Amino acid sequence: MNASDRSARIRETDIYARLRETVLAALAQVVPDLPPEIAARVEVSPAKDPAHGDMATNAAMVSAKAARQPPAKIAAALVQHLTASPDIQTAEAAGPGFVNLRLKPQAFRALLPVILSSGEAYGDATTGTGTKINVEYVSANPTGPMHIGHCRGAVVGDALANLLTKAGFDVTKEYYINDAGAQVTALAWAAYWRYLQAIGSPMTEEEFANEVPGGLQYKGEYLIQVGQALATQYLASLATPDLGIASPELWIDTVKDHTIHAMMTEIREDLRLLGVQQDIFSSERALVASGAADRIIEKLHADGLIYEGVLEPPKGKTPEDWEPRPQTLFRSTEFGDDVDRPLRKSDGSNTYFANDIAYHADKIDRGYDVLIDILGADHGGYVPRMKAAVKALSQGTTKFDAVLCQIVHIMKGGQPVRMSKRAGTYVTLRDLLEEVGKDAVRFTMLTRNSDAQMEFDLDKVLATTRENPVFYVQYAHARCRSVLRAAAEITTTDDLATASVDTLASEPELTLIRRLALWPRTVEAAALAHEPHRIAFFLYDLAADFHMLWNRGKDDATLRFIQADHLQETRARLALVAATAVVIRSGLQVMGVTPVEEMR
RNA sequence: GCGCCCUUAGCUCAGUAGGAUAGAGCAACAGCCUUCUAAGCUGUGGGUCGGUGGUUCGAAUCCACCAGGGCGCGCCA
């Protein structure tokens, strides 16, 4: 799509963007030599108070200084020019220099055919055209099935990726498998224990645990199958002749491979059930094995960004066992971090950070303009060093943003559900999905800003009341579909895009249409802010407007959508209903929630 | 001790890229309602946007300091 096609499309679908162009054109008449950076600050935004009209612009105020004229004077001149616009009914200067615009109802109504012919593509933006973004999310240790703690990041990341795609970005969804660290070695030992059990080893768990460096972790039963599979494939060849612990070199890589593969199979299935489908799975272990991590460290070394040094102890709180030690450090302080960060452990292997630098370098090499990591809030302290690393690696050309997800507290029967493996109340993602379903999980996870803690009340997400946004939004869509089904017997609905909508003039109808008009703007703002939860709130408001309109039919039968003896009126109303359904679907699509056709 | 995030109605939370008189749901109060597909509808009360300064024509929003909560703080990921 070229630039003029693009702006034509914007004029057609985003009424606020269109009016902004109108205002800028008028402003160019009033203030001929306005600097572009001032023009960029001109906004046309929806009026908060209906008494102010439909929209307002700050054009006069932001340009007053550059024009060396008082805002009121510029506003008055703008009003003169703007009243000539075919979209505008009235324009008036108000307050400290706003220009309030009241649009002709037709300007809003004309959107309905556009929505109906665009379908769910309505709201697509071109903001991100030409920008490649990588969204990395979930990235759980492959040490067991996914639990609730992983779930929020998965949903937020997935919805954000969808949102960015809708806003025109070229998006890659990625999962980074943290399969290289000590945790995975511990996992392999745990699987090896299940293997020994499977081949009938006489060792007791205690005897085995005493031989494991760091002790036996991951006692979950989910590894039993892995052990049995190993036994089937390798018989007793991974153990000593008397079925004891063989030298780790003989089995550790095999068991690791096998176990990680088994865990990832489970995790992929969990993700699939959650409706998450990532494009790329990157392995930390493969990255290290390929030598990429070492190469990056060498490169940074050559750039003078790595040195051997001793860190100061944390101020005010010196750990008991603190002692000065020389370490391999990355100069992250040169790029805004608080302290330089270690890259090597004392055993010579890389820290997680070192490998993550290599991983992000790899993503930069793949040509992304923006890297987004979805992280748990407990990784907040990690963000500045990663930001520093990306800056150093890309010479500042690649942007990095981290979206932090706060903890989710599961509530049931008014009581918090404790997350404890020992107590057996460890809630897996699969349990949650079975209990409330994918759609309720996804929607609910998006009903809070991701950096706010959230209560997930298992009883409330299934409630059929207005206070449950999942229900309220789905119900609005179901009602739309219900009306359209009912109307199918009276009038055809397939060509509503060409229906005359001039009769839609009541306040609740126009309120709903104005809400629909906000959709492109909402998509764009949410995408740029990396805040997918805004979509959920928009849909809730949209649903409220729709239910309001529906409820009017309760009091007054002539206000119902279907009027058997007024076909033209009916078709106009149905066009509005159909457009509402389209926008709800469009929003649910971003959230990864399946719209329902009926509530049963 | 330091850094990051947070603090908005009784409760749970929004607040659209600094805009006008800060919004919604629940709860409370007062009415209505038995339905084109229903699990409700209308109205009312309720706020020093944690506090104090500052920048600005204009601040819940940006800056500084203070108070309270969460997270993190040399080879865990």
Side-chain angles (χ1 to χ4, degrees), chain A residues 41 43 45-49 51-52 56 58 61 64-65 70-71 94-98 100 139-141 143 178 180-184 284 310-319 322-325 327-329 337-356 376-384 404 406-407 447-449 451-455 463-469 471-472 475 478-479 482-483 485-487 518 521-522 524-526 528-529 531 533-534 537-538 540-541 544 547-548 550-555 557 560-564 598-600:
Chain A
R41 290 177 53 206
E43 292 170 23
S45 47
K48 279 184 184 169
D49 185 342
H52 297 146
N58 61 355
M61 288 179 288
K65 202 168 272 182
F98 287 100
N100 291 331
S139 300
N141 271 319
T143 53
N178 296 147
Q183 311 253 343
V184 175
E284 181 182 359
V310 179
L311 288 177
E312 294 291 309
K315 291 193 180 74
K317 183 205 130 189
T318 306
W322 194 91
E323 56 183 68
R325 272 174 229 153
Q327 291 174 291
T328 303
L329 298 168
D337 199 3
D338 304 318
V339 60
D340 292 337
R341 305 291 179 173
L343 298 177
R344 302 254 195 229
K345 303 183 197 175
S346 53
D347 68 0
S349 66
N350 291 340
T351 59
Y352 177 80
F353 178 51
N355 290 343
D356 214 14
D378 54 343
H379 290 61
Y382 186 71
V383 173
L404 298 180
Q406 284 286 353
I407 196 164
T447 54
R448 293 279 182 278
N449 193 328
D451 66 18
Q453 291 187 17
M454 169 156 79
E455 256 181 34
T464 56
T465 62
R466 177 173 190 162
E467 62 182 307
N468 178 10
F471 164 77
Y472 199 62
Y475 186 29
R479 273 182 159 173
S482 165
V483 171
R485 277 196 301 275
L518 280 171
R521 204 181 147 76
T522 302
E524 187 171 10
L528 290 175
E531 292 183 353
H533 74 281
R534 292 192 195 183
F537 283 94
F538 173 83
Y540 184 85
D541 290 340
H547 288 307
M548 173 97 56
W550 170 288
N551 286 324
R552 288 203 323 156
K554 280 184 168 178
D555 299 333
R560 296 179 182 184
F561 298 117
I562 299 171
Q563 299 295 317
E598 55 184 345
M599 310 295 286
R600 284 290 177 197

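The shown structure was predicted, so the numbers you read here are calculated from the model rather than taken from an experiment. Atom set for the values below is all heavy atoms of this structure, side chains included, hydrogens, waters and symmetry mates excluded. Lettering of chains follows the sequences in order, A, B, ..., and the numbering in each one begins at 1.
- Rounded to a whole angstrom, the distance from the C1' atom of B:rG53 to that of B:rG46 is 30 Å.
- Residue-level contact check: A:Ser482 touches the bases, meaning some heavy atom is under 4.0 Å from a base atom.
- The gap from the C1' atom of B:rG70 to that of B:rC33 amounts to 46 Å, rounded to the nearest Å.
- Heavy-atom neighbours of A:Arg485 CZ from other residues, nucleotides or ligands within 6.0 Å: above the threshold of 12.
- Nucleic acid contact class of A:Arg552 (heavy atoms, under 4.0 Å, all strands): none.
- Looking at heavy-atom distances under 4.0 Å, A:Pro70 makes no contact with the nucleic acid at all.
- Using atom P as the reference point in both B:rG25 and B:rU34, the two lie 23 Å apart (nearest Å).
- As rounded to whole Å, 11 Å separates atom P of B:rA39 from atom CE of A:Met599.
- Under a 3.5 Å cut-off, the side chain of A:Ser349 and the backbone N or O of A:Lys345 do not form any donor-acceptor pair.
- Looking at A:Leu404 and A:Val383, their side chains come closer than 4.5 Å, going by heavy atoms from C-beta outward.
- With both ends at atom C1', the span from B:rG15 to B:rU21 equals 15 Å, rounded to whole Å.
- Side-chain atoms of A:Phe537 lie closest to B:rC13 of the nucleotides B:rC13, B:rC41, B:rA17.
- In this entry the distance linking CG of A:Leu528 with P of B:rU16 reads 14 Å, nearest Å.
- Of all nucleotides listed (B:rG25, B:rU37, B:rA77), B:rA77 comes nearest to the side chain of A:Lys345.
- Comparing B:rG40, B:rU37, B:rA17 against the side chain of A:Ala486 picks out B:rU37 as the nearest.
- Distance noted for atom P between B:rC36 and B:rA27: 26 Å (whole Å).
- For the atom pair CG of A:Asp340 and CD of A:Gln327, the computed distance is 10.5 Å after rounding to the nearest 0.5 Å.
- A 4.5 Å side-chain heavy-atom check between A:Ser45 and A:Arg521 finds at least one atom pair inside the cut-off.
- For the C1' atom pair drawn from B:rU16 and B:rU55, the interatomic distance equals 24 Å after rounding to whole Å.
- Between B:rU37, B:rG25, B:rC71, one nucleotide has an atom nearer to the side chain of A:Asp378 than all others, and that is B:rC71.
- Residue A:Tyr352 is classed as a base contact, given a heavy-atom separation below 4.0 Å to a base.
- Following rounding to the nearest Å, A:Asn355 (CG) and B:rA77 (C1') show an atom-to-atom distance of 11 Å.
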Got a list of protein N/O to nucleotides 4-12 of chain B N/O distances below 3.5 Å?
{"residue": "B:rU12", "atom": "O2'", "partner": "A:Arg448", "partner atom": "NH2", "Å": "2.5"}

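- In this structure, A:Val483 and A:Ala377 both approach RNA chain B, and ranking their closest nucleotides by distance from the 5' end singles out A:Val483.
- Residues A:Arg466 and A:Tyr540 meet the side-chain proximity criterion, which asks for heavy atoms closer than 4.5 Å.
- Residue-to-nucleotide contacts include no donor-acceptor pair under 3.5 Å from the side chain of A:His533 to the base of B:rA14.
- Separation of the P atoms belonging to B:rG50 and B:rG10 is 13 Å when rounded to the nearest angstrom.
- On a pure distance criterion of 3.5 Å, a polar donor-acceptor pair joins the side chain of A:Tyr475 and the base of B:rA39.
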List every contact pair, protein side and nucleotides 19-23 of chain B side both N or O, where the distance is under 3.5 Å.
{"residue": "B:rA20", "atom": "OP2", "partner": "A:Lys48", "partner atom": "NZ", "Å": "3.0"}
{"residue": "B:rA20", "atom": "N6", "partner": "A:Asn100", "partner atom": "OD1", "Å": "2.2"}
{"residue": "B:rA20", "atom": "N1", "partner": "A:Asn100", "partner atom": "OD1", "Å": "3.0"}
{"residue": "B:rA20", "atom": "N1", "partner": "A:Asn100", "partner atom": "ND2", "Å": "3.0"}

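- Side-chain contact between A:Val339 and A:Arg341: present, with at least one pair of heavy atoms (C-beta onward) separated by less than 4.5 Å.
- As judged by a 4.0 angstrom heavy-atom cut-off over every strand, A:Arg534 is placed among residues touching the sugar-phosphate backbone only.
- Between A:Tyr382 and B:rA77 there is no side-chain N or O to OP1 or OP2 distance below 4.0 Å.
- A:Val184 and A:Asn178 make their closest contact through CG2-O, 3.5 Å (heavy atoms, listed as atom of the first residue, atom of the second, distance).
- Classification of the A:His547-A:Tyr475 ring pair by plane angle, with boundaries at 30° and 60°, yields tilted.
- Looking at heavy atoms from C-beta onward, A:Arg344 lies in side-chain contact with A:Asn350 at the 4.5 angstrom threshold.
- The residue among A:Pro324 and A:Ala478 whose nearest nucleotide of RNA chain B is located toward the 5' end is A:Ala478.
- Using a 4.0 Å cut-off, some side-chain N or O of A:Arg466 falls inside it from OP1 or OP2 of B:rC41.
- Rounding to the nearest 0.5 Å places OG1 of A:Thr465 at 10.5 Å from OH of A:Tyr472.
- Across all strands, A:Phe353 comes closer than 4.0 Å to no nucleic acid atom at all (heavy-atom distances).
- Minimum heavy-atom separation, A:Leu311 to A:Pro342: CD1-CD, 4.5 Å.
- One atom, CD of A:Glu467, and another, P of B:rG25, lie 11 Å apart when rounded to the nearest Å.
- Between the CG atom of A:Asp337 and the C1' atom of B:rG72 there is a distance of 12 Å, rounded to whole Å.
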Given Watson-Crick and G-U pairs under 3.5 Å, RNA chain B in dot-bracket ([ ] crossing, | other strand) is (((((((..((((.....[...)))).(((((.......))))).....(((((..]....))))))))))))....
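- With rounding to whole Å, A:Asn551 atom CG is found 14 Å from B:rU37 atom P.
- Residue A:Asp338 contributes atom CG, which lies 19 Å from atom P of B:rC71 at whole-angstrom precision.
- Remark: P of B:rA77 and CG of A:Leu343 are 14 Å apart, rounded to the nearest angstrom.
- Which of B:rG40, B:rU42, B:rC36 sits closest to the side chain of A:Met548 comes down to B:rU42.
- The side chain of A:Gln183 approaches B:rA77 more closely than any other nucleotide in the set B:rA77, B:rC41, B:rU16.
- The gap from the C1' atom of B:rC26 to that of B:rG54 amounts to 38 Å, rounded to the nearest Å.
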